[in-house]
Amino acid sequence: DTGEQKSDTKYIFGPLIDANPTHPDTVLTAMHFVDSFVKSHGKSNTEIVSDMNIFRITSMIKWSDPEQWKHIIIRPGACIH
């Protein structure tokens with residue numbers, strides 16, 4: 001071990017599902033997909049950054065079952081480069 005700090009790994013996804021992006025079923029499907037993908041790469045926490053409409057729905061889903069989604073970190077925002 002050289003004592004070097006490793007940087008965070010970032011995964012960026014575009015549209016995953018050909019459906020209304022603010023429909024709760026679409027958001028739930030995307031949350032399940034991203035969670036499994038991140039876990040399959042050995043990560044324990046998943047951070048989801050989205051616009052306010054999707055953030056609101058993601059929050060409602062997380063609040064509906066806090067135990068299932070306790071390792072999901074949600075933040076409002078957008079990636080603009």
Side-chain angles (χ1 to χ4, degrees):
D1 186 23
T2 62
E4 292 181 39
Q5 184 176 1
K6 296 182 180 179
S7 64
D8 293 337
T9 302
K10 293 182 182 182
Y11 298 98
I12 299 173
F13 292 95
L16 298 171
I17 304 162
D18 186 20
N20 181 345
T22 57
H23 191 281
D25 290 342
T26 305
V27 175
L28 181 61
T29 300
M31 286 174 70
H32 278 293
F33 174 81
V34 170
D35 187 42
S36 343
F37 180 82
V38 170
K39 284 181 180 175
S40 75
H41 285 82
K43 304 293 182 181
S44 57
N45 292 316
T46 302
E47 183 177 6
I48 298 175
V49 180
S50 62
D51 66 22
M52 285 305 291
N53 288 330
I54 296 174
F55 174 77
R56 179 180 56 82
I57 296 162
T58 307
S59 297
M60 290 188 306
I61 291 169
K62 186 172 176 173
W63 294 335
S64 73
D65 191 352
E67 187 61 29
Q68 177 181 354
W69 302 109
K70 66 183 176 185
H71 60 281
I72 300 283
I73 301 159
I74 56 174
R75 293 189 306 123
C79 296
I80 301 173
H81 298 280

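Just so we're clear, the structure is a prediction, and the values are computed from it rather than from any experiment.
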Parallel, tilted or perpendicular: rings of H41 and F37 (30°, 60°): tilted
Connected-component partners of W69 among ILVMFWY, side-chain separation under 4.5 Å: V27, L28, M31, I48, M52, I54, F55, I57, M60, I61, I72, I74
Partners passing side-chain hydrogen bond (donor to acceptor under 3.5 Å, both in side chains) against D65 (at least two apart in sequence or in another chain): none
Gap between atom NZ of K43 and atom NE2 of H71 - 0.5 Å precision: 14.0 Å
Residues in side-chain hydrogen bond (donor to acceptor under 3.5 Å, both in side chains) contact with S64, at least two apart in sequence or another chain: none
Where at least one partner belongs to residues 20-36, residue pairs that pass salt bridge (Lys or Arg N to Asp or Glu O under 4.0 Å), sequence neighbours excluded: D35-K39
Polar side-chain atom of T26 near backbone of P21 as donor-acceptor pair, under 3.5 Å: no
Verify same cluster id: F33, V38 (apolar side-chain graph, 4.5 Å): yes
Qualifying residues under side-chain hydrogen bond (donor to acceptor under 3.5 Å, both in side chains), relative to E47, sequence neighbours excluded: R75
